[in-house]
Amino acid sequence: MAQLNPFLNTAFKAARKAGDMMLRASSNLSAVRVDNKAFNDFVSDVDRQSEAIIINAIKEAYPHHRIISEESGIIGNERAEFEWIIDPLDGTTNYLHGHPQYSISIAMLEQGVLKEALVYAPERNDLYTASRGQGALLNDRRIRVANRIDLSQCLIGTGFPVVDQSILDNYLAILKEFIQKTAGARREGSAALDLCSLAAGRIDGFFEFNLHSWDIAAGALIAQEAGAIVTDMQGEQNWMETGNIVAANPKVLAQMLRIIGQHI
């Protein structure tokens, strides 16, 4: 592995330790305690242990930094210059069913601007990283979004609105049109990895509603550094605030936004 900057090195060591714990626990999933936070929204002991590992590593290295994490909420001073956004297990439902599409997502902001990103997939031992202005890497290899521009040849990633189903009818209308006008749609269950797949050219676009900042912060920077444009459903830059995200290369993004705009 190429030498990482200090921020990413801290994130990597924490993610690797948490990932090793996840792999050990996956050998006996029936022993993992699971709680329901809401309908179709689960949290397990593995989520909590992963979060503790990552938070402790960041606090040890950078005690004055602020941390926002899915399970623990906000830790630290809101006026801190540096802020970390953590999803300790993105794809909990997949993990609990033995499906290997899950990840650890860690992003770092400086004065509110995304600067560093890491997404680690333990099952595949795949490490995605990005630093603003320096491109995106998968296991030390530079990655780039696909250059397809004909929507009929594009593969589109998405996530179902399983927690808040109030927009389900609108979403299904959008999905139906994408199915009719593209080479296919995929729903794999980890937004962070979906954005990394976009960055690596494995899919050509991604959209999802009602996500949280920890679901998308790291993956979005990785996608951006690989050449993707990331917006909300109106083509604006409020995706971190709204949790509604569309990402693709510029030509594909414009076509996706037109389709989505007809149904929202």
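Reckoned from all heavy atoms, side chains included, excluding hydrogens, waters and symmetry mates.
- Taking both residues in full, the closest heavy atoms of Leu198 and Gly205 are given as CD1-N, 3.7 Å, listed atom of the first, atom of the second, then distance.
- Rounding to the nearest 0.5 Å gives a distance of 8.5 Å between CZ of Phe206 and CD1 of Ile216.
- You'll find the side chain of Ile106 reaches within 4.5 Å of the side chain of Trp84, heavy atoms only.
- Using a 4.5 Å heavy-atom threshold, the side chains of Leu138 and Arg141 count as touching.
- Looking at heavy atoms from C-beta onward, Ile74 lies out of side-chain contact with Ile67 at the 4.5 angstrom threshold.
- Annotation for Asp204 and Ala248: closest pair O-CB, 3.4 Å, computed over non-hydrogen atoms.
- Using modelled atom types, no side-chain atom of Ser50 and backbone atom of Val46 make a donor-acceptor pair closer than 3.5 Å.
- Between the side chain of Asn139 and the backbone N or O of Leu127 there is at least one donor-acceptor pair closer than 3.5 Å.
- Side-chain contact check for Leu96 versus Ser44: some heavy-atom pair is nearer than 4.5 Å.
- Residues Ile259 and Leu151 are in side-chain contact: their nearest non-hydrogen atoms beyond the backbone lie under 4.5 Å apart.
- Remark: Leu155 CG to Arg148 CZ distance equals 8.0 Å, nearest 0.5 Å.
- In this structure, the side chain of Gln101 does not engage the main chain of Ser190 through any donor-acceptor pair within 3.5 Å.
- Contact annotation: the side chain of Trp239 approaches that of Val230 to within less than 4.5 Å [non-hydrogen atoms, C-beta and beyond].
- Ring geometry for Phe7 versus Phe82: interplanar angle of 30 to 60°, hence tilted.
- Distance check: Glu225 CD to Glu116 CD gives 9.5 Å after rounding to the nearest 0.5 Å.
- With Asn170 contributing its side chain and His263 its backbone, the two residues share a donor-acceptor pair below 3.5 Å.
- Going from atom NZ of Lys17 over to atom CE of Met21 covers 10.0 Å, rounded to the nearest 0.5 Å.
- Once rounded to the nearest 0.5 Å, the distance linking CD1 of Ile167 with CG of Leu172 reads 9.5 Å.
- Of the possible polar contacts, one joining the Ser27 side chain to the Arg24 backbone as a donor-acceptor pair under 3.5 Å is found.
- Other residues, nucleotides and ligands contribute at most 12 non-hydrogen atoms within 6.0 Å of the CD atom of Glu60.
- Salt bridge annotation for Arg48-Glu71: absent, with no cationic side-chain nitrogen under 4.0 angstrom from a carboxylate oxygen.
- Remark: the backbone N or O of Thr242 is not paired with any side-chain donor or acceptor of Asn238 at under 3.5 angstrom.
- For the pair Pro100/Arg124, no side-chain contact is recorded, criterion being any heavy-atom separation below 4.5 Å from C-beta on.
- Within the model, atoms CD1 of Ile85 and CD1 of Ile68 stand 5.0 Å from one another, a figure rounded to the nearest 0.5 Å.
- Of the possible polar contacts, none joining the Asp215 side chain to the Asp87 backbone as a donor-acceptor pair under 3.5 Å is found.
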What do the steps show when you test Thr231 against Gln237 for side-chain hydrogen bond (donor to acceptor under 3.5 Å, both in side chains), and what is the final call?
CA-CA 5 Å; Thr231 74; Gln237 291 300 307; 5.9 Å; no
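- Within a 6.0 Å sphere centred on CD1 of Ile149, other residues, nucleotides and ligands contribute 12 heavy atoms or fewer.
- Looking at heavy atoms from C-beta onward, Met108 lies out of side-chain contact with Glu83 at the 4.5 angstrom threshold.
- Listed here is the closest heavy atom pair of Pro122 and Met22: CG-SD, 4.2 Å.
- The shortest heavy-atom contact between Ser103 and Leu193 is CB-CG, 3.6 Å.
- No side-chain donor-acceptor contact under 3.5 Å links Asn249 to the backbone of Asn147.
- Proximity of a side-chain donor or acceptor of Asn77 to a complementary backbone N or O of Arg66 within less than 3.5 Å is not detected.
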Passes side-chain hydrogen bond (donor to acceptor under 3.5 Å, both in side chains), Ser105 versus Asp90? Steps please.
CA-CA 7 Å; Ser105 174; Asp90 186 44; over 6 Å; no
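- Ring geometry, Phe207 versus Phe209: the interplanar angle exceeds 60°, so the pair is classed perpendicular (tilted spans 30 to 60°).
- Each of His97, Glu123, Glu188 was checked for a side-chain hydrogen bond (donor to acceptor under 3.5 Å, both in side chains) with Tyr102, and the lone residue meeting it is Glu123.
- Surrounding CD of Glu241 are more than 12 heavy atoms belonging to other residues, nucleotides or ligands, all under 6.0 Å away.
- Side-chain N or O atoms of Tyr128 include none that pairs as donor or acceptor with a backbone N or O of Ala223 at under 3.5 Å.
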